[in-house]
A.B. asks: 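Supplied in structure tokens, the structure appears directly below.
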Amino acid sequence: MTEGKFGTQEAVWLTVCTIVAKVFFTSPSLVTSILGTSGWYMTLISAAVAAGGFWLTVKLLNRFPNMSLSEVYMRSLGRVAGFAFSLILGIYLLFVASLNIGEFQEVLRVYVFPNTPNGVIILIFAGSVLLMSLLGLESIARISKIIAFFTVAGFLAVLILSVENYEVSNLFPILGYGLDKTIINGVLRCSVYGDVIILAIFAKSLQGIQYVKRAGFIALLLSALLIFLCLLAFALCFPYYVSKEITSAMYEIATIIDYGRFVQRIEPVFLFIWVTTSMLASTTLFYSFVRLYCDAFRIYDWKPIAVAGSVILFALSLMHRDISEIAFAGVQLTRMIGIIPMFIMPVIALFIAVIRKKGGNEVA
Amino acid sequence: MDIKKLLKSLVTYTEPKPYHQFELLEDEECEKKNDPTTKKEAEAQGASPDNPEPKKPLSFEEWNRKRQPGSKQSSADAEPASDSGPSDNNDSGSDKSGSSQDSRQKHPISRDLRENLATIRRELNSPTNQDVIIREFKVMQKRDAFLVLIDGMADNETINNFILRQLMANWQFGQCGNAAGVKKRDESESGQDGQEKGGAQTGQNKTDTSSVDCSVDFIAANLLSANQIKKVDDIDSAIKQVLNGLTAIFVDGDNACIIVETRGYESRSVSTPMTENVVKGPQEAFVENLRTNLTLIRKIIKSKDLITEIIPIGKIDQINCAIVYMKEIVNPKVVEEVKRRLNNLDIDVAIGDGVIDQLIEDHPFSIFPQIISTERPDRTASFLMDGKVALISDGSPFASVVPVTFFEMFHTSEDSTIRWQYGTFLRYVRIIASFFAVFLPGLYIALTLYHKEMIPNELMVSLHKARENVPFPTIVEVLLMEISFEIIREAGIRVPGVVGQTLGIIGAIVLGQAAVSAGLVSPVLIIIVAITGLGSFAIPDFSFAFALRILRFVFIFLGAMAGFYGISAGLFVFGGIACSMKSFGVPYLSPIAPKTKSNPNVINKAPVWMQKERPDYLNTRNRRRGGNPVRQWAEEAGGEKSQ
């Protein structure tokens with residue numbers, strides 16, 4: 001499977017958009033319901049753990065220069081285990097992509113299209129994801145850079161415009177439900193930033209491991225900053241008992257912006273960045289799945305796999321009863337177990353590579 | 001397509017064919033040229049870095065020999081031909097050796113004049129085809145010859161005064177083939193002094209005129225006073241030239257003919273641009289004559305590095321297509337790619353640049369144009385100086401420029417001629433206009449159907465009041481007006497002159513007013529459609545404006561189907577398509593995505609003196625446009641703070 005090339009900037013923004021898209025959905029209210037008022041800084045702990053995990057992944061890649069993660073798995077673990085690792089990661093990413101779409105559809109139904117059938121919303125979304133995937137990685141990376149401008153601008157605009165609604169007392173008690181709980185959840189929920197692994201999957205498309213490393217850490221830093229600011233604004237705007245009930249944090253923050261008769265209810269404008277960022281995130285995850293699947297089965301022509309995969313994606317996205325099921329059974333589960341495919345599996349591969357003395361060309 | 005085949009293709013899998021897409025990647029040669037250390041080293045070794053090895057010019061005969069079909073170096077040695085007239089078609093003929101177009105057997109010219117005459121008559125369908133003029137005569141009243149031309153294409157005055165008069169005069173010679181000794185008999189006999197000075201010589205001439213050399217080489221060297229002549233040795237090349245308006249002279253006993261530049265067909269004179277008007281800047285536009293167009297560019301770029309290569313396109317009607325570039329700036333790979341695409345066209349006829357553009361563009365199914373078409377010589381010159389390649393076809397008043405990027409579609413030549421602040425302002429105006437042209441009707445539908453909460457109450461009330469008598473849904477209302485507007489626009493262009501403009505204005509006013517009075521559409525919609533129409537007129541590139549006009553309808557449907565969600569999905573997909581495109585190897589959204597170095601001249605326009613480098617994405621041979629600093633006078637006066 002041949003890939004295009006892209007630069008560090010594209011890699012950074014691709015990763016940032018994929019990670020940051022989560023704050024548009026139910027995650028902020030989930031965090032509030034688990035940790036109370038300490039959720040906004042818990043994300044920094046998650047980011048730090050994710051940075052550690054990514055550092056180990058880069059160590060693994062360093063042993064096998066000019067190889068993608070799936071190839072590294074094959075070399076490090078052998079054909080069978082490498083195949084299993086690649087496929088597990090791919091299926092996990094497909095599952096996360098379908099959850100993203102399901103969450104998106106439910107949130108959209110809550111706020112914008114209460115009467116539209118789920119299938120229609122998901123069909124448009126999955127169709128866009130498929131079309132974009134068919135255009136290839138280069139195109140996805142390039143559009144991520146353009147979308148990122150608007151996403152960051154939109155984020156900052158919403159955060160700045162909602163300053164009038166900030167209430168500092170909403171941050172207290174500052175330790176939330178307890179520091180221990182905050183730290184444990186912070187570590188476990190590092191999978192929020194686990195999407196940084198896409199840089200390892202597409203390592204061959206970047207100019208070298210040092211670029212993967214640089215792009216990964218910059219992306220983690222920017223994502224952590226944006227998610228932190230978003231969670232902080234969310235905590236400042238709403239008391240925690242209200243936050244727990246809110247379906248989409250950013251959408252609600254945008255809704256309460258009111259600067260006179262004409263600058264009010266601007267959330268539909270916010271819808272543009274929300275939709276495009278979510279589509280980009282799902283496309284990246286879906287394309288990563290296609291890539292891992294093709295690598296695992298040594299398939300050269302990835303386009304038919306993308307078409308077939310999109311049908312599975314569409315079906316998976318439809319398989320939920322309601323938003324609660326998605327939020328508590330789906331999202332919460334992936335946040336908890338996500339650390340395994342995202343960070344633990346690369347660490348296992350690294351460990352085995354060291355034991356089996358595979359690779360070892362230190363580059364970066 | 002056969003339905004069976006279509007169904008079969010849907011359920012069967014075929015391996016994808018390997019597709020090579022041209023990419024303009026970092027080039028070692030160009031990198032080295034831009035590397036100051038390499039330059040210095042090369043200079044130290046005594047060689048100019050820009051001209052690594054001066055090429056020895058070929059003699060006339062050597063050149064012709066090399067261009068024989070059997071010669072391996074034929075195309076390689078066909079060094080970028082000058083735009084000298086008679087050589088045009090033959091140059092391309094050599095380029096095309098091996099291509100499907102020129103696979104036919106060449107007909108060599110016979111030494112027997114009768115045979116040549118018969119061949120020419122047969123090939124040009126003379127005398128059935130009465131445009132073909134064949135004039136038989138005797139060179140120097142001695143040797144049989146004929147010339148062939150197309151009536152109306154060639155200039156009669158040139159032929160009568162500078163070809164026939166010269167060839168038919170009774171010359172006398174000092175020595176055969178010695179031009180220094182050539183004199184007209186009347187002149188030599190008329191002057192007493194002349195007789196006295198060269199009496200012996202003249203006497204000698206009078207006694208020996210039978211051994212006069214009348215070969216085409218001699219005629220070309222001594223008799224013809226035309227500035228552009230060429231010798232060809234096959235009938236097909238000669239016919240091609242004749243069809244282009246040149247004149248072919250065949251002489252008995254010689255297996256070659258002379259092609260003389262005599263083009264003199266009627267053409268429009270240079271006038272002001274029709275589609276790219278500017279307030280400040282040159283007011284010249286291209287015309288349908290290739291020669292004139294090339295001259296207009298040369299008038300601006302008076303450089304020896306400005307190269308024009310001409311390739312004929314089409315098997316039946318060979319349209320001359322000029323490839324123009326700056327040799328020391330452009331990346332040679334782009335030129336090679338342009339030539340490769342042009343040389344590999346297998347088509348009967350490709351009239352005008354529009355058809356050629358469609359035949360060579362990278363993504364024919366994409367809605368976005370990948371070639372900029374301009375009628376302005378100054379803009380073309382500016383593109384050439386950036387390191388781009390211009391294609392100018394005979395018969396078309398437009399130059400096609402490649403490679404191009406998305407952001408250049410918002411640029412005009414006026415941006416450079418006015419101060420940078422005004423240029424930047426104008427670009428923002430155009431971008432806003434483009435936004436309105438594409439999205440406004442779709443956003444209006446989305447707002448009124450799905451996102452009413454966004455509309456302030458007072459505006460909502462007035463919108464509803466305006467719409468209360470309208471019986472149609474908003475989508476029908478919008479489509480009705482948009483389609484009417486497009487019809488008025490098309491009708492306005494087709495109806496000639498002032499009537500067309502009047503029809504456009506009156507049509508829009510009357511139709512809009514009548515539609516509102518009849519309760520078919522709401523007044524607000526008239527405003528929306530008017531702003532949309534104005535927006536589409538403000539887009540500088542005609543093809544790009546077309547693309548946006550079509551996209552507008554897509555976004556109307558998306559807005560009606562799923563509000564802002566649908567429009568966002570459309571933006572995502574069309575943005576992705578634009579990101580995936582390349583124009584002759586250059587990513588369409590360069591220099592933003594992918595990020596490459598470029599002058600501050602993408603959307604914002606910085607002062608001219610800050611634009612020191614050529615765009616990185618073109619990977620030019622010479623990156624620097626100016627010195628550092630450009631305004632050296634400012635540094636002399638105490639430092640240029642702004643740089």
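Naming convention: chains lettered A, B, ... in sequence-line order (proteins, then strands); numbering from 1 in each chain. Quick caveat, the model's predicted, so the values are computed rather than measured. These numbers come from the heavy atoms of this one structure, side chains and all, not from hydrogens, waters or symmetry mates.
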A.B. asks: Heavy-atom cut-off 4.5 Å, strictly under: side chain, backbone, both or neither for A/Pro304 against chain B?
C.D. replies: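 Looking at A/Pro304, just its side chain touches chain B.
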A.B. asks: Given that the side chain runs from C-beta out, which part of A/Met279 has a heavy atom under 4.5 Å from chain B: side chain, backbone, both or neither?
C.D. replies: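 Both parts, backbone and side chain.
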A.B. asks: Does some side-chain heavy atom of A/Leu135 sit less than 4.5 Å from a side-chain heavy atom of B/Cys579?
C.D. replies: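 Heavy-atom side-chain distance check fails, nothing below 4.5 Å.
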A.B. asks: Any donor-acceptor pair under 3.5 Å linking the side chain of B/Tyr565 with the backbone of A/Val112?
C.D. replies: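 No, because the side chain of B/Tyr565 does not come within donor-acceptor range (under 3.5 Å) of the backbone of A/Val112.
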A.B. asks: Would you call the rings of A/Phe113 and B/Tyr450 parallel, tilted or perpendicular, taking 30° and 60° as the class edges?
C.D. replies: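 Perpendicular, since the angle between the ring planes exceeds 60°.
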A.B. asks: Using a cut-off of 6.0 Å, state whether more than 12 heavy atoms not belonging to B/Phe368 lie near its atom CZ.
C.D. replies: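 Atom CZ in B/Phe368 is packed in, count exceeds 12.
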A.B. asks: Can you list everything that forms a salt bridge (charged side-chain N to carboxylate O under 4.0 Å, His left out) with A/Lys22? Sequence neighbours excluded, please.
C.D. replies: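 Salt bridge (charged side-chain N to carboxylate O under 4.0 Å, His left out) check on A/Lys22 returns A/Asp195.
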A.B. asks: So does B/Pro594 get a backbone contact from the side chain of A/Lys145, meaning a donor-acceptor N/O pair under 3.5 Å?
C.D. replies: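 Here the side-chain-to-backbone pair does not exist.
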A.B. asks: What part of A/Leu131 is in contact with chain B, defined as an atom under 4.5 angstrom from a non-hydrogen atom: side chain, backbone, both or neither?
C.D. replies: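 For A/Leu131, the contact with chain B is made by the side chain alone.
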A.B. asks: Which answer fits A/Ile121, side chain, backbone, both or neither, if we ask what part of it has an atom under 4.5 Å from a heavy atom of chain B?
C.D. replies: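 Answer is both: backbone and side chain atoms of A/Ile121 are under 4.5 Å from chain B.
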A.B. asks: Where does A/Phe104 contact chain B at under 4.5 Å (heavy atoms): side chain, backbone, both or neither?
C.D. replies: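 The side chain, not the backbone.
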A.B. asks: First locate atom CZ of B/Phe406, then atom CD1 of A/Ile146, and finally report the distance between them rounded to the nearest 0.5 Å.
C.D. replies: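 Those atoms lie 8.5 Å apart.
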